[in-house]
Amino acid sequence: MAEFLVMDSQGWPYGLNLSKNEEAIADTELVQAENCEYSEDDGALRTVPGVTIKMTASADITSLFYNRVYKLFYYTVGTNIYETKDFLTSTLLGTITGASKPVYCMYSDVCLIASGAQLQAISAGTTLQTVSASPDRCDYVTVRTGRVLAYATNSDELLYSAIGDYTSWANVAADSSSAQKVKVGYKDPGNIIAVDFLSKAVMVYKDGGRAYKIVGEPQDSDYSVQPVSQTAYCSSIRSTVSVDSKSYYLGKSGFMSFQPTNAYGDVAPFEEGLNLNPRIVGNIDDTCELWHVSPKKQIWLKAQGDKRVYMYHYVPRYSDGRGAFTVRTMAYNLHDVCCVGDTVYVAYGNKIGLLDDSTDLDDTIQIQTAITSRNKLASKHSILVMNRLFVSSNLIDGYGTIKCGKKTKALTFSTKSGYAYDATEYAYDADYYAYLDEYTRSYKVGGGSNKSVQVQIIVQKGAVSIRSFNYQYLEV
C-alpha cells in the first residue's frame with residue numbers, strides 16, 4: 001500500500017500570501033486570515049482580542065495621544081482638543097490652530113501639536129497656547145537632539161528650532177545653536193511628504209518618490225543631505241514609522257522599508273509587503289496611515305477607506321527577514337492608535353476603546369475569525385483524505401466549524417477544565433487529576449475523495465489559539 005503523505009500547516013506561521021493564486025502558495029501560508037493575529041508571547045495564530053469601550057463622544061474622535069509626564073490623554077473632536085485622565089470626565093482645552101489631523105510630540109514636559117498652522121504647546125498638562133514665533137504652517141512636528149523639527153507639505157525645507165528652546169525660530173548667523181532651515185534636495189522639484197528616523201539618520205520622503213538621508217545635525221560640520229532613492233513613494237505624513245533598524249513606509253509601490261546595509265549608500269529599500277502589496281496598491285492614497293503597535297510587535301496598515309486594518313507582525317518569520325500579515329475588521333473606521341505600557345487604545349468612530357483579551361466582542365459586535373488555507377490540487381485523479389487532526393487552546397468559550405475538503409464538522413471551544421473548575425475539595429490530598437488542559441482536539445478518520453482540498457476554520461464565537469492542524473492523504 002502506498003505510504004500516506006502529510007499536509008502539516010505548522011500552525012500557519014507565515015500568514016497571508018495574496019501575491020499568488022491560492023493554489024500556488026505554501027501549506028504554511030493562508031489566503032484568508034480574518035480577525036486573527038500572532039501572539040506576542042508564543043507566536044501562535046489566535047483570535048484577535050476584543051475592544052472594550054472607554055468613552056463615546058458626540059462626533060468622530062480624530063486623534064488620540066498620551067502625555068506620559070502628566071499621565072493624561074488628549075483627543076480631538078473636530079477642531080476641539082480635550083484632556084482626560086480616566087475617560088469618565090473630559091476638559092475642553094481649546095481649539096487647534098489648523099484644520100489637519102494633529103501630530104503630537106513631547107518636548108521635555110511640554111506637548112507640542114502641529115495641525116497645519118502655527119505650533120501649539122500644552123504646558124503643565126492642561127494649558128494650551130500658540131507658539132507665536134513658530135512657522136506659519138507646520139504639518140508635522142517631532143524632536144531631535146534638543147531641537148524641535150517641523151515641516152510643511154507645501155515646502156522642501158526642514159525647520160529646526162533653536163537648541164533647547166521650542167519657542168525660538170529665528171536664525172542668528174553667528175550662533176549655530178539658533179534656529180535653522182535646511183533645503184532637502186537642491187534643485188530637486190517636489191515637497192516633503194514625510195519624515196522618519198533610521199538609526200542615527202533622518203529619512204525624508206518627498207513627492208515623486210525621491211528619498212533623502214540626513215546625517216548629523218545642522219550645527220555639525222559634517223551635516224549632509226544624501227539622496228538614497230528615486231522610487232521611495234510615501235503617501236502621507238502618517239505613512240511611515242520606524243521600528244528598531246528599519247524605516248517602514250507606505251505608498252503606491254505598497255508597504256516597503258529602508259534598512260541599513262554594508263553596501264554603497266548605507267541604506268537599501270526592501271519590499272516588506274511582498275505577500276500583500278498586489279492587493280493593496282490600488283487602495284493607497286494620502287489618507288492611508290501606519291501605526292506602530294509596540295506591545296503586540298505589530299505595524300497596523302490602514303490602506304483603504306473602510307474598517308479593515310492589515311496587521312504586519314514584524315518579528316522575522318521568513319528567511320529574508322520579512323514578517324507575516326493578518327487582517328482585522330474593526331467595528332468602526334479607525335482614526336488613531338495609542339499605546340500606554342502594554343495597553344493598546346483605539347480611537348475609532350466616535351469612541352475610544354482598549355484591546356481586551358477577556359472579551360470576544362468589538363464594542364457590541366461579535367468578532368468572527370476565518371482562517372483559510374491554500375487550495376491543494378490533486379496531482380493525479382483525486383486526493384483521498386485519510387484523517388485530519390485539529391488542536392486549539394481555548395481562550396474564551398465559543399463554537400465554530402472546520403472544513404477539510406468536502407467534510408465540515410462543528411467544533412465547541414470550552415475553557416472549563418473537566419476536573420478542576422467545579423472541584424470543591426482541597427487539592428493537597430486529592431487522588432485525581434487537578435486540571436485538564438483547555439483544548440479542543442478534533443480528530444476525524446476519512447475525508448472522502450477530492451479534486452482539491454482547502455481547509456477553512458471559522459470561529460463564530462469565542463477565542464482560540466491554533467496549536468496544530470494536519471491531515472494525511474493519498475494521491476490516487
Side-chain angles (χ1 to χ4, degrees), residues 53-144 147-155 159-162 164-170 179 195 236-238 286-287 289 291 332-340 345-354:
I53 301 303
K54 301 298 291 182
M55 68 160 287
T56 302
S58 59
D60 279 358
I61 297 172
T62 53
S63 71
L64 179 64
F65 182 78
Y66 182 67
N67 184 326
R68 288 172 171 79
V69 177
Y70 292 97
K71 295 181 172 54
L72 48 81
F73 293 87
Y74 306 122
Y75 66 91
T76 51
V77 177
T79 58
N80 290 335
I81 183 166
Y82 297 85
E83 166 269 322
T84 182
K85 288 186 177 180
D86 54 12
F87 298 111
L88 299 176
T89 58
S90 298
T91 302
L92 175 63
L93 300 183
T95 59
I96 56 176
T97 53
S100 302
K101 178 178 175 178
V103 176
Y104 305 84
C105 76
M106 293 301 297
Y107 186 83
S108 185
D109 63 347
V110 175
C111 177
L112 298 177
I113 305 171
S115 59
Q118 285 193 305
L119 293 177
Q120 290 171 284
I122 304 177
S123 57
T126 58
T127 302
L128 177 67
Q129 294 178 316
T130 299
V131 183
S132 58
S134 64
D136 291 335
R137 177 173 172 177
C138 297
D139 293 311
Y140 179 87
V141 63
T142 188
V143 175
R144 175 81 173 177
R147 296 182 188 265
V148 177
L149 175 59
Y151 70 87
T153 57
N154 64 350
S155 168
L159 310 173
Y160 293 81
S161 74
D165 187 355
Y166 70 89
T167 67
S168 178
W169 293 87
V195 169
S236 76
I237 62 175
R238 293 176 179 82
D286 59 6
T287 65
E289 299 193 46
W291 293 276
Y332 311 100
N333 213 332
L334 182 65
H335 301 302
D336 216 342
V337 181
C338 180
C339 301
V340 182
Y345 294 88
V346 294
Y348 62 169
N350 66 334
K351 301 173 186 287
I352 294 175
L354 60 84

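Excluded from the calculations below are hydrogen atoms, water molecules and symmetry mates; all remaining heavy atoms, backbone and side chain alike, are included.
- Scanning both residues, Arg238 and Glu289, for their nearest heavy atoms gives CD-OE1, 3.2 Å.
- The shortest distance between side-chain heavy atoms of Leu64 and His335 does not fall below 4.5 Å.
- The two residues Leu128 and Gly94 have their closest heavy-atom pair at CD2-CA, 3.9 Å.
- Side-chain contact between Thr84 and Leu72: absent, with no pair of heavy atoms (C-beta onward) separated by less than 4.5 Å.
- Atom NZ of Lys54 is separated from atom NZ of Lys351 by 14.0 Å, given to the nearest 0.5 angstrom.
- Put simply, OG on Ser161 and CZ on Arg144 are 13.5 Å apart, with the number rounded to the nearest 0.5 Å.
- Judged by distance alone, the side chains of Thr76 and Thr62 do bring a donor and an acceptor atom under 3.5 Å apart.
- For the pair Gln120 (side chain) and Thr97 (backbone), a donor-acceptor distance under 3.5 Å is present.
- A donor-acceptor contact closer than 3.5 angstrom is absent between the side chains of Tyr151 and Asp139.
- Judged purely by atom type and a 3.5 angstrom limit, Asn350 has no side-chain atom pairing as donor or acceptor with the backbone of Ser58.
- For the pair Trp291 and Asp336, the tightest heavy-atom approach, listed with the atom from each and the gap, is NE1-OD1, 3.0 Å.
- Rounding to the nearest 0.5 Å places OG1 of Thr127 at 9.0 Å from CD1 of Ile122.
- Taking OG of Ser100 as the start and OH of Tyr140 as the end, the distance is 14.5 Å to the nearest 0.5 Å.
- Scanning both residues, Asp86 and Thr89, for their nearest heavy atoms gives OD1-N, 3.3 Å.
- For the residue pair Ser90/Tyr75, the side-chain donor-acceptor check at 3.5 Å is satisfied.
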field: Intermediate values then yes/no, side chain to side chain contact (heavy atoms under 4.5 Å, CB included), Val346 and Leu354
entry: CA-CA 6 Å; Val346 294; Leu354 60 84; over 6 Å; no
message: Could you go through Tyr166 and Arg147, starting from their C-alpha distance and side-chain angles, then the distance that decides it, and tell me whether this counts as side chain to side chain contact (heavy atoms under 4.5 Å, CB included)?
response: CA-CA 7 Å; Tyr166 70 89; Arg147 296 182 188 265; over 6 Å; no
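- Ile237 has its side chain within reach of Val103: a pair of non-hydrogen atoms, C-beta onward, lies under 4.5 Å apart.
- Interatomic distance, CG of Leu93 versus OG1 of Thr95, reported as 10.5 Å (0.5 Å rounding).
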message: Between Leu119 and Val141, does the side chain to side chain contact (heavy atoms under 4.5 Å, CB included) criterion hold? Intermediate values first, please.
response: CA-CA 8 Å; Leu119 293 177; Val141 63; 4.0 Å; yes
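- Between the Gln118 side chain and the Ser132 main chain, a donor and an acceptor come within less than 3.5 Å of each other.
- The shortest side-chain heavy-atom distance between Trp169 and Val148 falls under the 4.5 Å cut-off.
- In this structure, the ring-ring contact (aromatic ring centres under 6.0 Å, His included) partners of Phe87, at least two apart in sequence or on a different chain, are Phe73, Tyr345.
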Going by atom type alone, with no hydrogens or angles, which donor-acceptor pairs under 3.5 Å involve a side-chain atom of residues 104-116 and a protein atom two or more places apart or on another chain?
residue: Tyr104; atom: OH; partner: Ser63; partner atom: OG; Å: 2.7
residue: Tyr107; atom: OH; partner: Gly146; partner atom: O; Å: 2.8
residue: Tyr107; atom: OH; partner: Gly164; partner atom: N; Å: 3.3
residue: Tyr107; atom: OH; partner: Asp165; partner atom: N; Å: 3.1
residue: Ser115; atom: OG; partner: Gly98; partner atom: N; Å: 2.9

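- Here Thr56 contributes atom OG1 and Ile352 contributes atom CD1; the two are 9.0 Å apart, rounded to the nearest 0.5 Å.
- A donor-acceptor contact closer than 3.5 angstrom links the side chains of Arg137 and Thr153.
- At least one donor-acceptor pair closer than 3.5 Å links the side chain of Ser134 to the backbone N or O of Val131.
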Trace of the side-chain hydrogen bond (donor to acceptor under 3.5 Å, both in side chains) decision for Asn67 with Tyr74: CA-CA 8 Å; Asn67 184 326; Tyr74 306 122; 3.0 Å; yes
